Visitor: 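The structure is given below, and queries will be raised subsequently.
Reminder, nothing fancy here: chain letters follow the sequence lines and each chain counts from 1. Only heavy atoms go into these numbers, but all of them, side chains included; no hydrogens, no water, no symmetry mates. Keep in mind that what you see is a predicted model, and the values were worked out from it rather than measured.
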Number of protein chains: 2
Amino acid sequence: MADDVLFEFLHMEMVSHIYKDQASRGEMDKDRATCVSTLEGMGFRVGQGLIERFTKDSPSFKDDLDVMKFICKDFWINVFRKQIDNLRTNHQGTYVLQDNKFALLTQFSSGKQYLEEAPKYLAYSCGLVRGALSNLGMDCVVTAEISLMASCKFQVVIQKI
Amino acid sequence: MADDVLFEFLHMEMVSHIYKDQASRGEMDKDRATCVSTLEGMGFRVGQGLIERFTKDSPSFKDDLDVMKFICKDFWINVFRKQIDNLRTNHQGTYVLQDNKFALLTQFSSGKQYLEEAPKYLAYSCGLVRGALSNLGMDCVVTAEISLMASCKFQVVIQKI
């Protein structure tokens, strides 16, 4: 338990610091995009580091779907304490990972009140996933959306070159 | 293992972000002090949150020494995976906590090369300790010093009113 909390609290502080910091510079409009991208970038580098550790003893992956299954199970359990509840794909490079009780959102009350605030608490995690996939050779765009609090969908779109 | 890494990596990213951010504003001299105090403040708030969780089921403490023992053992194990190696006190409100292999410094090589850089990786942890103690009713000043890499001394001075 201690560990979850340690990570969750530090994550909260980091989000709050980055938003406060931007606000103090008085650039209100540019704010949101910059903050999201700062957090996403931090997540990206951490994701790269994590996946190296997590896959140290793993056999190599058959295909993209195999990688995504690893992310949904092993990666998610290691980082967020549970596995993804539902993985869907169109078999053309788009994957939707649904987590019905996303660790970093469980602190919020479940009304609609905080839905607007929630995206800033997802940017870091989108980065984590993008960084992990990037180190496994998959160049992706990762976004997230929330319809009901604590339930969250991550969309991964593989970028074909 | 995953958890340590998750926290350590996020901590590294946060330190690096805060320092880069200050540098980009071109205030070179004010830098160091501001960054240290930003990190210390983040640690402080996280420490306050953590200690609430950790002491939920603990009996109340007899005296200051009893609190310090809790910090050295339970708190340190929960946060840094090991307990403090040595606790000393002058019985007048000053405590020295020595950790011979401090978790957030193990990534550094052990030469003298990085000694100068190390303090910025201790500010957050000083804040953690100060926050925890503050929530237990002890108003303290917490500083840290390194003589040999990965070995670290935290000095806690209780502020008498």
Side-chain angles (χ1 to χ4, degrees), chain A residues 1-22 24-27 34-35 37-57 73-82 103-104 107 123-125 127-128 131-132 135, chain B residues 1-22 24-27 34-35 37-57 73-82 103-104 107 123-125 127-128 131-132 135:
Chain A
M1 186 213 70
D3 279 317
D4 313 17
V5 175
L6 192 62
F7 169 61
E8 276 166 34
F9 284 6
L10 178 51
H11 176 263
M12 284 287 198
E13 273 303 316
M14 190 184 60
V15 172
S16 126
H17 167 75
I18 284 170
Y19 273 74
K20 248 192 308 200
D21 200 49
Q22 290 292 115
S24 75
R25 299 196 206 177
E27 302 152 356
T34 320
C35 292
S37 114
T38 304
L39 287 166
E40 210 269 347
M42 294 173 83
F44 181 79
R45 287 181 295 276
V46 172
Q48 287 187 310
L50 289 177
I51 200 75
E52 258 182 49
R53 301 278 184 115
F54 295 167
T55 55
K56 209 167 36 131
D57 305 314
K73 207 173 164 197
D74 300 69
F75 185 82
W76 222 259
I77 288 174
N78 272 316
V79 177
F80 301 117
R81 308 278 117 226
K82 67 185 284 296
L104 297 179
Q107 308 268 336
Y124 180 80
S125 304
L128 277 183
N135 251 29
Chain B
M1 186 213 68
D3 278 316
D4 311 16
V5 176
L6 192 60
F7 169 62
E8 276 165 34
F9 285 6
L10 177 51
H11 176 263
M12 284 288 198
E13 273 303 317
M14 191 185 59
V15 173
S16 127
H17 167 75
I18 284 170
Y19 275 74
K20 248 192 307 200
D21 201 49
Q22 292 291 114
S24 75
R25 299 195 206 177
E27 302 152 356
T34 321
C35 292
S37 114
T38 303
L39 287 166
E40 210 267 350
M42 293 173 83
F44 181 79
R45 287 181 296 274
V46 172
Q48 288 187 309
L50 289 176
I51 200 75
E52 259 183 48
R53 301 279 183 113
F54 296 166
T55 55
K56 209 167 37 129
D57 306 314
K73 206 173 164 196
D74 300 68
F75 185 83
W76 221 259
I77 289 174
N78 272 315
V79 177
F80 302 118
R81 308 279 117 228
K82 68 185 283 296
L104 297 179
Q107 307 269 335
Y124 180 81
S125 305
L128 278 182
N135 251 30

Visitor: Under 4.5 Å from any heavy atom of chain B, what part of A/I18 do you find: side chain, backbone, both or neither?
Guide: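 Only the side chain of A/I18 comes within 4.5 Å of chain B.
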Visitor: Would you name the heavy atoms of B/L10 and A/M14 that are closest together and state the gap between them?
Guide: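 Of all heavy-atom pairs spanning B/L10 and A/M14, the closest is CD1-SD, 3.3 Å.
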Visitor: Nearest 0.5 Å, please: how far is CZ in B/F9 from CZ in A/R53?
Guide: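 Result: 4.5 Å between the selected atoms.
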Visitor: Please determine which of A/E13, A/E8, A/M12 meets the side chain to side chain contact (heavy atoms under 4.5 Å, CB included) test together with B/V46.
Guide: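 Option passing the side chain to side chain contact (heavy atoms under 4.5 Å, CB included) with B/V46: A/E13.
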Visitor: Looking at residues at least two apart in the chain, or sitting in another chain, which of them share a side chain to side chain donor-acceptor pair (under 3.5 Å) with A/K73?
Guide: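 Testing A/K73 for side chain to side chain donor-acceptor pair (under 3.5 Å), a comparison that skips the adjacent residues, returns none.
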Visitor: What heavy-atom pair brings B/L6 and A/V79 nearest, and what distance separates the two atoms?
Guide: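 Nearest heavy atoms, B/L6 then A/V79: CD2-O, 3.7 Å.
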Visitor: Less than 4.5 Å to any heavy atom of chain B: does that hold for the side chain of A/S16, its backbone, both, or neither?
Guide: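 Neither part.
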Visitor: By ring pair (Phe, Tyr, Trp, His ring centres under 6.0 Å), which residues pair with A/F80, not counting sequence neighbours?
Guide: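 Result, ring pair (Phe, Tyr, Trp, His ring centres under 6.0 Å) vs A/F80: A/W76, A/F102.
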